Amino acid sequence: ADPAVVYDQAGKFDKSFNEGVYNGVKKYTAESKIQVREFEPKNEAQVEQGLRRLATRGYSPIVSVGFNMTSAVEKVAKDFPDVKFTIIDGVIDLPNVQSVVFKEHEGSFVVGALAAMASKTDAVGFVGGMDIPLIRRFGCGYEQGAKYVSSSATVLQNMTGSTGAAFNDPTKGSELAKSQFSQGADVVFAAAGGTGIGVYQAAKDEGKFAIGVDSNQNHIQPGTMLTSMVKRVDQAAYNTYKDAEMGTWKSGIVVLGLAEGGVDWALDDNNASLVTAEMKAKVEDIRSKIISGDIKVHDYMSDSTCTY
Amino acid sequence: MFETLILMLDATMRVSAPLILAALAGLYAERSGIVDIGLEGKILGSAFAAAAGAAVYGSAWIGLGFGVLASVFLAMIHGFACITHRGDHIVSGVAINTIVAGLTVTLSMNWFSMGGQTPTLSGDARFLSVTLPFADALADVPVIGLIYSELLSGHNILVYLAFLMVPATYWAIYKTRFGLRLRAVGENPHAVDTAGISVAFVRYRALIICGILCGIAGAYLSTAHNAGFLKDMSAGKGYMALAALIFGKWRPVPVLFACLLFGFLDALAIRMQGVEIAGIGEVPVQAIEVLPYVLTVLLLAGFIGKAVGPKAIGRPYVKERA
Amino acid sequence: MSQAKVPAWVNLALIPFLNILLAFVVSGLVILAIGEDPIEAASFLIYGAFGYNEGIAYTLYYATNLIFTGLAVSVAFKGGLFNIGGEGQAYIGGLGVGLVCLSLDHTMPLYIIAPLAILGAAAFGAAWAYVPAYLQARRGSHIVITTIMFNFIASSLMVYLIVNWLKEEGRMAANSRTFEESAWLPHLSDILAPLGIDIGYAPLNLAFVLALVCCVLVWALLWHTRWGYQLRTLGTNPTAAKYAGIDTAKVTIWAMLISGGLAGFVGVNEIMGANHSLLLNFTAGYGFAGIAVSLMGRNHPIGIIMAAILFGALYQGGSELAFEIPTITPEIVIVIQGLVILFSGALEHMFKDRIEGFFIRRAVA
Amino acid sequence: MTTDTTPYAIELRDISKRFGAVQANKDICLQVPAGTVHGIIGENGAGKSTLMSIIYGFYEADTGYIEVDGKRIDIHNSQDAINAGIGMVHQHFMLVENFSVLENVILGAEGGALLKEGVETARVELQRLAQEYSLDIDVDAIVEDLPVGLQQRVEILKALYRGARILILDEPTGVLTPQEADHLFRILDALKEQGVTVLLITHKLREILASTDNVSVMRQGQMVAHRETAKTSKEELAELMVGKKVRLTVDKDEATPSDVFLSAKNISQYDKQGVKRLKNINLELRAGEIVGIAGVSGNGQSELLNVLSGIEPMTEGELHVAGQVITAKAPKDAAQMRGLKMAHVPEDRHKMGLVTGFEAYEAAVLGYHNSSDYNGKVLMNRKVMIDECNQRMADWDVRPPNPHLKTANFSGGNQQKIVIAREVEQNPDILLIGQPTRGVDIGAIENIHEQIVKLRDSGKAILLVSVELDEIMALSDRIIVMFDGAVVGELDAKDADERTLGLMMANAFNKEEQENQKGESA
Ligand SMILES: Nc1ncnc2c1ncn2[C@@H]1O[C@H](COP(=O)(O)OP(=O)(O)OP(=O)(O)O)[C@@H](O)[C@H]1O
Ligand SMILES: Nc1ncnc2c1ncn2[C@@H]1O[C@H](COP(=O)(O)OP(=O)(O)OP(=O)(O)O)[C@@H](O)[C@H]1O
Ligand SMILES: [Mg+2]
Ligand SMILES: [Mg+2]
């Protein structure tokens, strides 16, 4: 059967989360020459309808992007037990669904540490997208990382909103970033999908640093992008297709952390000049300590608090 | 505290600039007797056209040109419906808003294949902030320095333009021949007609100005405040501008203050996020977000004084009953 | 004078037809402009909407929402009120449905929950229309502006309530828990299956029947009751209404309450019929589309049913079309909607004057 | 008359104009010698205003053309007319109410892109005009604050400021008292001396005879006669207007008033802007009499009707009807007043009396739609309504007798019959009736007047409001005069004459007595 993907409403070119998946899709198509059927729903109602349409027409596996689709995938997967579903960022307990989740707190810890090292004001900021536990997990990890490097650091945190639109509101992102800059922060991490574009723009405009998320976003504003907390959703999508092709696709929960290469920080030409050798060494050290378990990063979602 | 206030006012200027432009646009339309709830659509249409133009030609000015053209075109559709064909102004406005909401996304998907966005603009494709002379030098002077360098300096040219449009509009409305005719046509089009002036021509010109100003507002959103077009990026600004227009009783200076108030509330909402207020606790962001809307409703309810608009507003000018 | 000599079919059929035709021609140009074949697009669209049972059922499911909002707009319109607040009223109506379902689904059977939810939808939708109505009736505030404002307020209120109070613990997406099955409005698929009609998974449910019932009730109310007489008097000549001793404020308020209640029924279809949980933005623009539906349906229930089915077909066919030709987005449906509002609403005189003029001249000659 | 060699100031050739199905003007020819006052008369709806608006470029004629000073000119809009030296004072003033006099005058003739220069030149010019024609006015006053007489002056100044040589006045005296009208005619004389040509439309044959040189008569869109004023008479003109002999009086017996059916005590009313529209009105209405209310329109008559009929609440005072006391605190709405057997034929049938979009049978129950006659338990009983409508159309000779025709499609007179029939057939004790014959042709007028007298003779009380002094004097048993929202005089119909009423309407009668009253109340 042909593979398919359903992006979430931010669309596949959000330069972030969905685009990451899209990169995985592209890579798979390039390698295997198999076209992946793509669908971008425009509203809640179309998610389920779109999934059904794909399932009815025999597409499998179907990768669904984002927690928003959890309930729709759950319903459709029940009705089509022979179709393989992979959901990214959501957990569904069904025999034909693979749930891929990431340890965002680990990656966020790493970039939080880097942010604190780069900060001259000892204040860093975090702009979240929609106010949900998943995004708080980013923020909490980031805060721990910053405090690990400088226990006196101030970590400002804002959420863009409480609806899905919060992942696609650069104007507000930019205003939130400016607000944080005016309160002293000089590095801002955006875990906010398309909203991040506004955050990076604001950092560029004000000569401050920003940290990208999900995809490697260092290229968006070279020179002021300190790094990106990459979340390898591309890999998740690619693996699903590849495994399905090989017959090794399995249902169940897949958890990807630093150790598995599921999350990481990004260093490339665009930000090489911003990261000194010393900083790099320190970050690598922290990274290996997390992998080895010497540093325990508290997961917000384990108890819905950020006490560590 | 003072610094925080200045920074909030700074944000207020940024946020209220498009509101001011749109509200003044509405002022021209409504003073001429044309209700324009299509401000929203014109802003959105212009935001898209400006971003698309800027992206393709790499120049913010060209983008602005496209934005203005698109917005004027929409204003002319409104005119064609309301002036030439005596259509219902509100229905026409709703139609334009709806068409634009769909069309911008459709076209940008098709032209740029970026999920309904345009490419991110940078460099010359965007209006960047202008530092006023001596801003840096004066930055350290107490109070004045802060006001000058933080609040007044460092905005992009369209913000200054928006604020300049207020006295310009005042002058145009009250001191010129066009202004006299514009006001007259909104009050009693028959009087204007019998004075030998074409009602339709005055109204069309008013709508062209309305289109131009909305065009600048839209271009501001996508090429100055942001760096590209996004689906529904006007986010109700047209409606807020209309509310500000009523708030300001169709007069330029009070309209300015209404816009500043709304802008300030917006800036406040961002600041207030997660802040605990003694005695109340954390104010839900939504509560601050709805403030402008609630204020508008209260105003309309006559609690803040009766807003009486131009007399002939919303009524098609009909000479001959067929 | 004019109406006397212009045959009824001109106003009821010819002019609306020409208006829609023009809207479609312009939409076709848009499709052409983005490099696709309008004919091919139309055939996908028509097949998607009417080509198979499930498609038809989806069309009717969308039409259900549009009948509710179309009726809502038209009841207010008959009283001379332009209710742009259908969106907010539908949204809050859904809250009413959601609260009934969430509080009773563990303890009560469907036949108790369903009527209460319907009442809840009507009551909440009406309540949301009440403030603008009151302000219009008693303080002369412009209802267009107040209802727009109330749409925004509804949207913020719903976010606040759902995110802070109704969201299921530990769930990421902002929606309430899924209702127990006792609060699911039966799908017509279950009813039609024994008759050998398979409509697949389409969420067409009993709310559709409710919509048809509402059409009959609205028709009787408007044209065959005293209240309808008063409403129509108010709508066509407010001064005459005062002269006739009609309590215009009261009629205005009731018109908006009924309008809001009808809009609130969207919640029954969406929340109780399709989604089975209270979620954000389920109204998806149906409130605004109701304006087009009611304009095109000439504010008459029969017309509204037909217009709603047309728009339902556009929604369903449009999403099918977007699926088949990804460069055409479902937004094209919104464009068509806008064009219909433009041509059959704002530009109604464009053809009308000419065509009526033609018939009058023929009659006079 | 002028010889053939001197061109006419204005000449119309075969002007026709159609509005939808209405042929408002048909093949109209007219010649007006320069420097004369030319009267035009005709019934309501005869097409006079339409014709004048065509000359002034407000409407474009379908066919025909216009010559000014012997030269054919194309007038497509008012600007063309103004350029040709034509000015017009419209039946309904064309003023921007919240503008100053000055702004109104310069509108369209600003003299430059900026207002500044134009305003100064206009100020000087207006001063000159004011002196020359005794048209004094405060040029900085806001128009809406001025009384109608002065507003009309603004209109005349507007025309003169633009250098009008041909001045059209469309029913200029309709809103004026006889004395104000006299002033106007003195101004017209002055203009005539300056060589201005005047076209004067009026319904008042007296004015035609007094101040015109020639007169033309229109009927149903056509020009039916031209007369030299000196060689015609009232009777001839009336007959030409209507096309048949007209009785200008009403036959009625002496009234025998009995019980008081309605009494108003100290009624006052403020409008939304807080302006006092009715000032301490006291009046009594007895069974078997017709009380006429005279006054220049806009002096509170409409407000009085609205308050008495319950359409608008009063602000102060008491109203006693059918044993009930109605006060500002305990108001009754129009429906409740109907319940007290009070019927009301409103002044404006289009605005108030009818719903023009309704079919005739629906409009025929307006105000009585809640009556059990027309209603079942839940639904309305259409059959009853239609049957009754058919019956009434037959009784009142409504044409066409079709209950399903849209009300808008009946002519003015027939619409009025539908309204009057509806109210009279309810057999009320009190009938309030405003402008009963406005826009109704003479034949129908007779019929309506007869009905009103018949109702009186059957012991009903009738309050008649009309701006036509002739009508008031012909029908009333008692006449009350209103000025500026107050009752300023009351007289027996037998003692009434036009001069006295005119003075009262201008509040110029018995000034001294008035002063005394003011002194007492202060
Ligand atoms: N703008 C218009 N549209 C359609 N019909 C019109 C219009 N103006 C006038 N009419 C119709 O044309 C006819 C002539 O109207 P007009 O106003 O010229 O009459 P008039 O002689 O001035 O009457 P009055 O004495 O009442 O002022 C009437 O039947 C009227 O209904
Ligand atoms: N407001 C209006 N809307 C539509 N049609 C109108 C309107 N006013 C007048 N008419 C039409 O114009 C025609 C002439 O109307 P008008 O009132 O001038 O009649 P009329 O010749 O004065 O008749 P009557 O002698 O009965 O008063 C009528 O047949 C009517 O249908
Ligand atoms: Mg006239
Ligand atoms: Mg008539």
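These numbers come from the heavy atoms of this one structure, side chains and all, not from hydrogens, waters or symmetry mates. Predicted model only: the values in this text are computed from it and were never measured. So you know, we letter chains A, B, ... as the sequences are listed, proteins then strands, and number each from 1.
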- Query: At a heavy-atom separation under 4.5 Å, does His90(D) approach chain B through its side chain, its backbone, both, or neither?
  - Reply: side chain
- Asp69(D)/Arg165(D) ion pair, N-O < 4.0 Å: no
- Message: Run the side-chain contact (heavy atoms from CB on, under 4.5 Å) test against Asp271(D) and tell me which residues pass, sequence neighbours left out.
- Response: Gln273(D), Val275(D), Arg277(D)
- Distance (rounded to the nearest 0.5 Å) between Leu126(D) CG and Leu135(D) CG: 10.0 Å
- Item | Heavy-atom contacts under 4.5 Å, residues 183-195 of chain B to chain D | Arg183(B), Ala184(B), Glu187(B), Asn188(B), His190(B), Ala191(B), Val192(B), Asp193(B), Thr194(B), Ala195(B)
- Message: Just so I understand: if I count every heavy-atom pair under 4.5 Å between each of Glu110(D), Gln79(D), Lys158(D) and chain B, which residue has the most?
- Response: Glu110(D)
- Message: Can you confirm whether the side chains of Asp170(D) and Ser49(D) place a donor and an acceptor under 3.5 Å from each other?
- Response: yes
- Message: So which residue, Asn83(D), Ile106(D), Val96(D), Asn77(D), ends up with the most heavy-atom pairs under 4.5 Å with chain B?
- Response: Val96(D)
- Note on the structure: Closest heavy-atom pair, Tyr56(D) versus Ile86(D), reported as atoms and distance to 0.1 Å, is CE1-O, 3.7 Å
- Query: Any side-chain heavy atom of Leu69(B) within less than 4.5 Å of one from Val72(B)?
  - Reply: no
- Item | chain B contact via Leu95(D) - which portion, at a heavy-atom distance below 4.5 Å | backbone
- Message: Within the 3.5 Å criterion, strictly below it, is a donor on Thr84(B) or Tyr204(B) matched to an acceptor on the partner's side chain?
- Response: yes
- Is there a donor-acceptor pair closer than 3.5 Å between any side-chain N or O of Gln222(D) and the backbone N or O of Ile28(D)? no
- Give the member of Ala159(D), Ala113(D), Ala24(D) that has the highest number of heavy-atom pairs under 4.5 Å with chain B. Ala113(D)
